[in-house]
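Reviewing the structure listed below.
Residue numbers count from 1 along this sequence. Side chains included, hydrogens not; waters and symmetry mates left out as well; all remaining heavy atoms used. Note that ligands are numbered from 1 as they come in the structure, with each ligand's atoms numbered from 1 the same way.
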Amino acid sequence: MAEMSELKLEEFLRLNAPEDLSGLTTAIAKSSLMVWESIPFKSGLLSEVNPSGETQKAIDVYSNDVFVEALTGTGFAAEVASEEMAEPAEAKGSVSVAMDPLDGSSNVETNNPIGSIFGFYSKKLPTSGRDLVGALYVTYGGMMTLTFSFGKGVHRFVAVREGSAISFELLGVNLMLPAKPEVYGFGGKRKDWIPAVAQFWHTLEEKGLRNRYCGTFVGDYNQVLARGGIFSYPALVAKPGGKLRVLYESAPMAFINEQAGGYASDGRRNVLDIVPSVLAERSPLYIGSSSLVREIEAKITSDS
Ligand code: AFP
C-alpha cells in the first residue's frame, strides 16, 4: 500500500488497484466533477436553459446519463445498473456496476450534502454483496471527496482546484471507524419505526451518542465513518423492507464499512449476504460501528 500523502489519484490507482477498477474509478472521478459543477444549473434552482440554449435536464437524470456514458465507455463495465433506470445499460467489459447516481437529490434545494454510490460486482446483477470487488462513494458537500475500497482498506481523495485545473489529492489511507462511537442518525419517522428501533435510540442517547442526521445516506454515513456510531434507515412497521436499495446503496456501503472495521446488518444478517432477486430490492439497513449494529440486530432478532 502506497504511503505518500502527496499521491494523486491516478498514481495511487496505478499502484493499488487492478486495471479494470482503476479505469472505472478514474471515469467516476472525472464524471463526478461534471455532476458537481452542474448541480446549481441543472437542479431547477437557476435557469432551465443553459448558455448554449439547450433545455436542462433534471440533475438526477443528467448525473445518471453522465455516469452511464463514462462507465460504459471505459471498456471495463459489463453492465451499468442504476437506481434511475429500469434495465441496465449493457457494455463489453467484465465488471458489473450498480449505482445510485445522485443520492439524496431531494436535498439539493436545501444545500445539504448529496452524493453518488457505486458497487463493482464480479457477477451479473442482481447478485449478492459477496460478489463485490470494490465500492466507492462521492460526497458533494463543502468538499468533493471520493471514498473507496477495493478490498484492501478504505481510502479517500479530495478534489482540489489549482488555477483552472482540478486534481484529486490523497486525504487519507486505511480509514477506520473510531473505537468510541459518537453519532447516530436514523431515517424516517420515529412513530413508524419497528419497536426494537424505537427503543434503541434511547439506549444510544444513554451511551452518550448525539443525533446527527442530514437526510442523505452518503452524508450521514460519512460522518459515522469519521466519528464512529450508527446510521440506519430501519424497518418500518408499515414498510418492513425499509427504503434503501440493496444493490445500489446498502451493499456497496456495507463493503466499505466492513473494510473500515464496521458491520452492516438488515436486522437479521450481514447485508453482504443478501441475494436480491430483483435489481431494485430494498432492505432495512443498520450500518456503522460493529458493537452498536450487533446490539440492534440482537434486539430485532429477539423481538421476532
Ligand atoms: P432522496 O434521493 O429522495 O433525497 O432520498 C434520499 C434517501 O434515499 C437516502 O439518501 C436517505 O438516507 C433517505 O432517503 C432519507 O429518507 P427520509 O427523508 O425518509 O429520512
Side-chain angles (χ1 to χ4, degrees), residues 32 35-36 38-40 42-45 57-67 81-85 98-119 135-141 144-145 147 183-194 197-198 200-201 204 211-227 229-257 262 264-267 271 276 279-288 293 296:
S32 54
V35 170
W36 192 34
S38 299
I39 290 167
K42 296 187 191 293
S43 60
L45 298 176
K57 296 177 186 172
I59 184 64
D60 36 12
V61 176
Y62 172 77
S63 48
N64 184 70
D65 293 352
V66 166
F67 286 124
S82 163
E83 202 175 288
E84 297 292 330
M85 301 188 302
M99 66 174 181
D100 179 356
L102 207 62
D103 173 46
S105 51
S106 66
N107 281 337
V108 168
E109 205 176 317
T110 51
N111 206 15
N112 276 11
I114 49 180
S116 302
I117 306 173
F118 301 86
L136 181 157
Y137 68 84
V138 184
T139 61
Y140 312 101
M144 193 198 128
T145 61
T147 303
V183 296
Y184 75 93
F186 287 8
K189 295 182 185 153
R190 277 182 193 163
K191 69 176 181 54
D192 298 332
W193 296 343
I194 56 169
V197 174
F200 186 59
W201 78 267
L204 294 173
N211 181 12
R212 297 191 76 184
Y213 186 73
C214 78
T216 295
F217 177 25
V218 157
D220 284 312
Y221 176 72
N222 200 52
Q223 64 176 346
V224 166
L225 179 55
R227 300 186 193 283
I230 180 167
F231 167 82
S232 173
Y233 202 104
L236 310 179
V237 174
K239 242 174 124 183
K243 182 176 185 187
L244 301 179
R245 262 90 172 196
V246 178
L247 279 179
Y248 306 129
E249 298 170 302
S250 305
M253 298 298 270
F255 181 88
I256 291 172
N257 184 63
S265 171
D266 70 352
V271 163
L279 290 169
E281 190 160 313
R282 297 173 199 265
S283 84
L285 176 67
Y286 310 87
I287 183 169
V293 177
I296 182 63

- Query: Is the ring centre of Phe186 less than 6.0 Å from the ring centre of Trp193?
  - Reply: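 Judged by ring-centre distance (under 6.0 Å), Phe186 and Trp193 do meet the cut-off.
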- Message: Aromatic contact between Phe217 and Phe231, with the criterion being ring centroids under 6.0 Å apart: yes or no?
- Response: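 Ring centres of Phe231 and Phe217 closer than 6.0 Å.
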- Item | Backbone of Glu83 reached by a side-chain donor or acceptor of Asp100 within 3.5 Å |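 Between the backbone of Glu83 and the side chain of Asp100 there is no qualifying donor-acceptor contact (under 3.5 Å).
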Are any of the N/O atoms on [X], whether in the backbone or the side chain, positioned under 3.5 angstrom from an N/O atom of ligand 1?
| X | result |
| --- | --- |
| Phe217 | yes |
| Leu244 | no |
| Asp220 | no |
| Phe231 | no |
| Tyr233 | yes |

Closest protein heavy atom (residue, atom, distance) for [atom]:
| atom | answer |
| --- | --- |
| atom 10 (O) of ligand 1 | Asp103 OD1, 2.6 Å |
| atom 14 (O) of ligand 1 | Lys243 NZ, 2.8 Å |
| atom 15 (C) of ligand 1 | Tyr213 OH, 3.2 Å |
| atom 4 (O) of ligand 1 | Ser106 OG, 2.5 Å |

- Task: Only heavy atoms count here, so choose which of Gly215, Pro113, Gly219 is nearest to atom 11 (C) of ligand 1.
- Result: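 Result: the heavy atom closest to atom 11 (C) of ligand 1 is in Gly215.
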- Task: Mark up the atoms of ligand 1 that fall under 4.0 Å of a heavy atom belonging to Ser105, in ascending order.
- Result: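 Matching atoms, with element in brackets: 1 (P), 2 (O), 4 (O).
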- Task: Heavy-atom contacts with Gly187 under 4.0 Å: which atoms of ligand 1 show up? List them by number with element.
- Result: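 What qualifies from ligand 1 is 20 (O).
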- Any Ser283 side-chain heavy atom under 4.5 Å of Val246 side chain: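 In short, these two side chains touch, coming nearer than 4.5 Å.
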Just checking, is any N or O donor in the side chain of [X] or [Y] under 3.5 Å from an acceptor N or O on the other one?
| X | Y | result |
| --- | --- | --- |
| Asp103 | Tyr248 | no |
| Ser116 | Tyr140 | yes |
| Asn64 | Ser82 | yes |

- Message: With a 6.0 Å cut-off (strictly less than), is the heavy-atom count around CG of Asn211, excluding the residue itself, greater than 12?
- Response: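 Counting other residues, nucleotides and ligands, CG of Asn211 exceeds 12 neighbours.
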